[in-house]
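By convention in this document, chain letters (A, B, ...) are assigned in the order of the sequence lines, proteins followed by strands, and residues within each chain are numbered from 1.
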Amino acid sequence: MRYSKAFIPTLKEVPKDATTPSHVLLLRGGFVRMVGAGIYEMLPLGRRVLSKIERTVRREMDDAGAQEVLMPALLPAEYFQETGRYDSFGGALFRLKDRKGAEYNLGPTHEEIITDMVRRDVKSYRQLPLNLYQIQMKFRDEPRPRAGILRCREFLMKDAYSFDVDEAHALESYAVMREAYHRIFKQLGLDYRVVAADSGAMGGSTSAEFQVLVQTGEDSLVVCSSCDYAANVEVAETTLPTDASSADETPDATKVHTPGVGSIADVVAFLTPTLPGISPARMLKSLLYTADERVVMAVVRGDDDVNEIRLARALGVSEVVLASAEDVRKATGAQVGFAGPVGFEGEIVLDPAAAAVADAVIGANETDHHLAHVRHGRDFEGRVASIRMVKEGDPCPSCGAELRSFRGIEGGHVFVLGTHYSAKMGATFLDPEGEEKPLVMGCYGIGVSRLMAAAIEQHHDDDGILWPMSIAPYQVILTPLGKEAGPLQAAESLYDELRALGVEALLDDRAERPGVKFKDADLLGIPLRVTIGQRGLDAGMLELKRRDAKEAEKVPLAETAARVATWVTGLGGELSPRRARA
RNA sequence: CGGGGCGUAGCGCAGUUUGGUAGCGCGCACGGUUCGGGACCGUGAGGUCGGAGGUUCGAAUCCUCUCGCCCCGACCA
């Protein structure tokens, strides 16, 4: 491509609505542009990057035995109504009506449609297993789109669905997909981890997220410093931490006046003079949750947080919601900040770490009062279940080493769905015994457009993007300098040579000053740059520079094309076969 | 949905407190000088001041309503 003909509207200044690096650089580099909140258009460079990601995804999915299909984005409401998700999806579902008043929704995901596609024709175990995938726009009315292209209301996603005869075979399909994902993420040049994850309300069992490790990521992860354990904090486990407080005599419980101090930190500060040795770890934090109509008290140590997903599981409900201030007053008779398990009339769930505190301070269920010297089992009862949020430094559940905290962007998610959809939708087959059984499904997503942003979050510097070769919009940029004819001519013939070798080159033939060309080249993040100046040309040399290197390398003119092609493949890029034949 | 902020030229902003006929930088067009890390001089084009209503002789500025965007939180198959 000739730069002079290309539509690459770069921006010198940072658009004010952009905050994260990927958002800023995608906008500045002329890759994408915002059309509305969480809605973006792809300019030529952005489209090229997406195509590169798609290409890798397609190849690995095809190699893994999946077949590509394309499902509609506009869905008659009856599909989601059939599984109840038309309602349960809630506000995230884009709904609309046609001219006749019939209801539709835009596809936020396609389990229903694919299940319908398969149930029409798959009737026998002989037709299984089957794995179908598509790369398509998904629509979700996110409560809060953010970080540019990382969380959008319209986004490009690859979703694959497997259909098997039973759970064991479904697990095999799952394993195959998981391996394919490893190959995909490696080829895309991303630093990622597979973490244990919550399967959400999809009714899944086995599941794993492919998390791209990035500081600005939305998800919190813990990764073992020693073994390969890694998990989303939503589901992270830990062994019981040894408790700091001794298990000696616990004095009798005493009510203390704590006017206006409700938070853990405030109470600790307030009580320190009268109760030396008080610390957040010796406080018990009591939070009230609404779970299926009932109000439940969750108790964790003062320095811990409640993991709401674990709490919901412990209670056997699908979700818990923090109780309103009014509910708290009703249930405890006190203002928020003074709830505690002693005297609480209702279900209490206690984290093991909290249960182990031998001499605790808790809220007294009376405004402006706390109880000191309280002990589980003596002063109050409560069911013990692991409901705390795992923290950095906690011991790894599988090897005991310290867990480290990371933040990540969920780039992919694989999980076994079981018969959740097939049973509801009557997607069945006949097994060899002639018995009718529901298909056992798995589903596997990759956020294609999100990965474009994730790659930038991971690969950029102050000057711009550093695309991994495998997804760079162009593999090399040719930068002739000066207004003499020589450099441009040399660049033109190098350009032809490179194209003949199948290298994707961008020829900066603009009549711009060197500084402008260098700045744009760095901003766009093209992995290789060949600088062609009159001085070098006189010596028969060109400069070859990697975007991620400080120094350029001088290369004889005649060898440059071959060297570039070698670099491209060496860095994980592919030469275009169509061009290579030319 | 709760809290905060912002809508003025393609982009970034000033002007709003104290009403008086819209300005700066970048970008863009033209001319000239420059040419290895976002050059310089000159000339010029470009604006429903987010929208509607109101107050006023007069509204970007004051009042009411409304739409949109960003950030924090809630939420996130």
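As rounded to the nearest Å, B/C76 and B/G12 have P atoms that lie 33 Å from one another. Across the C1' atoms, B/C13 and B/G5 are found 16 Å apart, a figure rounded to whole Å. Rounded to whole Å, the P atom of B/U18 lies 10 Å from the corresponding atom of B/C63. Across the P atoms, B/U61 and B/G7 are found 13 Å apart, a figure rounded to whole Å. Between B/A9 and B/U55, the distance separating the two C1' atoms is 29 Å to the nearest Å. Of the P atoms belonging to B/C67 and B/U48, the separation is 24 Å, rounded to the nearest Å. Look at the P atom in both B/G15 and B/U34: the space between them is 41 Å, to the nearest Å. With both ends at atom C1', the span from B/C57 to B/G68 equals 34 Å, rounded to whole Å.
In this structure, the CZ atom of A/Arg153 is 15 Å from the C1' atom of B/C75, given to the nearest Å. The CG atom of A/Leu537 sits 14 Å away from the C1' atom of B/G36 (whole-angstrom rounding). At whole-Å resolution of the value, CD in A/Glu410 and P in B/C75 are 16 Å apart. Atoms CG (A/Asp522) and C1' (B/G36) sit 13 Å apart, rounded to a whole Å. Separating the CD atom of A/Glu512 from the C1' atom of B/G36 is a distance of 14 Å, rounded to the nearest angstrom. When rounded to the nearest whole Å, the span between CD of A/Gln534 and P of B/G36 equals 12 Å. Distance, A/Leu150 CG to B/C70 P: 14 Å, rounded to whole Å. Atom C1' of nucleotide B/C11 and atom NE2 of A/His23 are separated by 14 Å, given to the nearest angstrom.
For A/Phe518, counting side-chain heavy atoms from C-beta on, the closest listed nucleotide (B/G36, B/C76, B/C71) is B/G36. When distances are taken from the side chain of A/Lys16 to each of B/C6, B/G36, B/C75, the shortest belongs to B/C6. In the set B/C13, B/C69, B/G36, B/C69 carries the atom at the smallest distance from any side-chain atom of A/Ala37. Here B/C70 is the nucleotide among B/C70, B/C76, B/G12 with the atom lying nearest to any side-chain atom of A/Met34. Which of B/G38, B/C70, B/C35 sits closest to the side chain of A/Asp17 comes down to B/C70. For A/Glu543, whose side chain is taken as the heavy atoms from C-beta onward, the closest listed nucleotide among B/G36, B/G7, B/G37 is B/G36.
As the counterpart of B/G37, no nucleotide is assigned, since no Watson-Crick or G-U wobble pattern has both distances under 3.5 Å. Checking B/G68 for Watson-Crick or G-U wobble geometry (two distances, each under 3.5 Å) identifies B/C6 as its partner. With both pairing distances under 3.5 Å, B/U43 is matched to B/A29 as a Watson-Crick or G-U wobble pair. As the counterpart of B/C75, no nucleotide is assigned, since no Watson-Crick or G-U wobble pattern has both distances under 3.5 Å. In a base pair of the Watson-Crick type (N1 to N3 plus N6-O4 or O6-N4) or a G-U wobble (N1-O2 and O6-N3), with each distance short of 3.5 Å, B/A14 is matched with no nucleotide. Base pairing annotation: B/G20 forms a Watson-Crick or G-U wobble pair with B/C57, both donor-acceptor distances under 3.5 Å.
Heavy-atom distances to RNA chain B give each of A/Thr10 and A/Pro143 a nearest nucleotide, and the one nearer the 5′ end belongs to A/Thr10. When the nearest nucleotides of RNA chain B are assigned to A/Met157 and A/Pro15 by heavy-atom distance, the more 5′-ward of the two goes with A/Pro15.
Within 3.5 Å, a donor on the side chain of A/Glu13 pairs with an acceptor on the base of B/G25, or the reverse. Residue-to-nucleotide contacts include a donor-acceptor pair under 3.5 Å from the side chain of A/Arg28 to the base of B/G38. Below the 3.5 angstrom threshold, one finds a donor paired with an acceptor across the side chain of A/Arg151 and the base of B/C76.
Within the 4.0 angstrom heavy-atom criterion, only backbone atoms of the sugar-phosphate kind lie near A/Ala147; the bases stay farther away. Among the atoms of the strands shown, none is found under 4.0 Å from any heavy atom of A/Arg33. Contacts of A/Thr19 with the nucleic acid, taken as non-hydrogen atoms under 4.0 Å apart, involve only primed sugar atoms and P, OP1 or OP2.
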- How far apart are the C-alpha atoms of A/Gln67 and A/Met61, what are their side-chain angles, what is the distance that settles it, and do they pass the side chain to side chain contact (heavy atoms under 4.5 Å, CB included) test? CA-CA 8 Å; A/Gln67 300 171 66; A/Met61 293 307 292; over 6 Å; no

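Side-chain nitrogen and oxygen atoms of A/Lys12 include none within less than 4.0 Å of the OP1 or OP2 phosphate oxygen of B/C26.
At a cut-off of 3.5 Å, with distance as the only test, no side-chain donor of A/Asn131 or A/Tyr133 sits close to an acceptor on the other residue.
Salt bridge status for A/Glu543 with A/Lys554: present, with a side-chain N to carboxylate O gap under 4.0 Å. No salt bridge links A/Lys285 with A/Asp304; every basic N to acidic carboxylate O contact stays at or beyond 4.0 Å.
Under a cut-off of 6.0 angstrom, the local environment of CD in A/Glu41 is crowded, with over 12 non-hydrogen atoms contributed by other residues, nucleotides or ligands. Residue-environment remark: CD (A/Gln215) stays at or below the threshold of 12 foreign heavy atoms within 6.0 Å.
Judged purely by atom type and a 3.5 angstrom limit, A/Arg119 uses its side chain to pair as donor or acceptor with the backbone of A/Met425.
With a 6.0 Å cutoff to the six-membered ring centre and a 45° limit on the axis angle, A/Arg95 counts as a cation-pi contact of A/Tyr86.
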